[in-house]
Amino acid sequence: MRIERLGETFVARVHDLDLSQPLDNETYAALDKAWFENRVLAFSDQTLTEPQLMAISSHFGPLEKHVLENFHHNAYPEILMISTVVEDDKPIGLADAGSYWHSDVSYKAEPSRASTLYGVEVPEAGGDTLFCDTAAAYDALSDEMKTRLEGLKAAHNYDQRELQASTKGIRGELTTAQKDQTPEVLHPVVRTQPETGRRSIFVNPGFTVRIDGLAEDASTALLGELFAHCLEDRFCYRYQWQKGDLLAWDNAVTMHRATVLDLAPGTRRTMWRTIISGDAPI
Ligand code: SIN
């Protein structure tokens, strides 16, 4: 197994590893080290069945089902279908799982620890996934800003209007039951990755609606400043997919964004996605 760093500060490709085969403890330990060091890992040329994807995902922790049960895989509900493909007039998956910067499931009290995304069918060009290294972005803040953020909390919400508009209604309105599962939650604006102790900026344009305790203008201005800082090119990486790629990322120290809305109509792209449960951020 060989690890190749792809981005300036994060993202690495793992070479010479077949994830359809059982891995020994030594390999898992090397993978964990690479994951903590790089925050996003890419495994190429994989041929995985659904149970194999779930098995490798489970290494990162227990799997949880996405709140949008209408897009669960028919036979394996722990897999969320993300797809632009329509069969018999019915989308086979969620066409756009996030063309806005976000950290997965930050809208819950216990956001996802990790996520995986497997390229089942990918276009020849486009459909890239963008990543942001929110730990490197935190490190680069001024001491004054770090002090200002200390102790602040932000509200996260899965049902904000702007998000509905930016996804062109693809996700659809949440049902009452889905809204009940996703009440607004507060998280620290700066969180600590539990295993590495790395601190990161934990607000995202997709789900963070305000800084708690600040007047609306001040909250909007501070969030705008933090988003602009995080999304500077030096903290971002564009991942270009090949069929059979599997990505696994740490949601405590990254944000990501899909670009599927830029694809020409009719372009086929299907991904399998798993969500690994996490703990309340500290
Ligand atoms: C996501 O936001 O998790 C999906 C990313 C993608 O489809 O590129």
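Every number for a ligand or one of its atoms is a count from 1 in the order of the listing.
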- request: Please work out whether the ring planes of Y239 and Y237 are parallel, tilted or perpendicular, with thresholds of 30° and 60°.
  value: tilted

- prompt: Should the ring pair Y158 and H66 be called parallel, tilted or perpendicular, given that the plane angle runs from 0 to 90° and is split at 30 and 60?
  reply: perpendicular

task: For this output row, return yes or no: ring centroids of Y100 and F207 closer than 6.0 angstrom.
output: yes

query: Hey, would you say the W272 and Y76 ring centroids sit under 6.0 Å apart?
result: no

- prompt: Heavy atoms under 4.0 Å from ligand 1: which residues qualify?
  reply: A97, G98, H102, L117, T129, H256, A258, R269, R273

query: Stepwise, does the side-chain contact (heavy atoms from CB on, under 4.5 Å) test hold for E37 with T196?
result: CA-CA 9 Å; E37 283 173 3; T196 63; over 6 Å; no

query: For L214, what are the other residues in its hydrophobic cluster, where any two members join if their side-chain heavy atoms are less than 4.5 angstrom apart?
result: Y138, L141, M145, L149, L152, V189, V190, I201, V203, I211, L222, L223, L226, F227

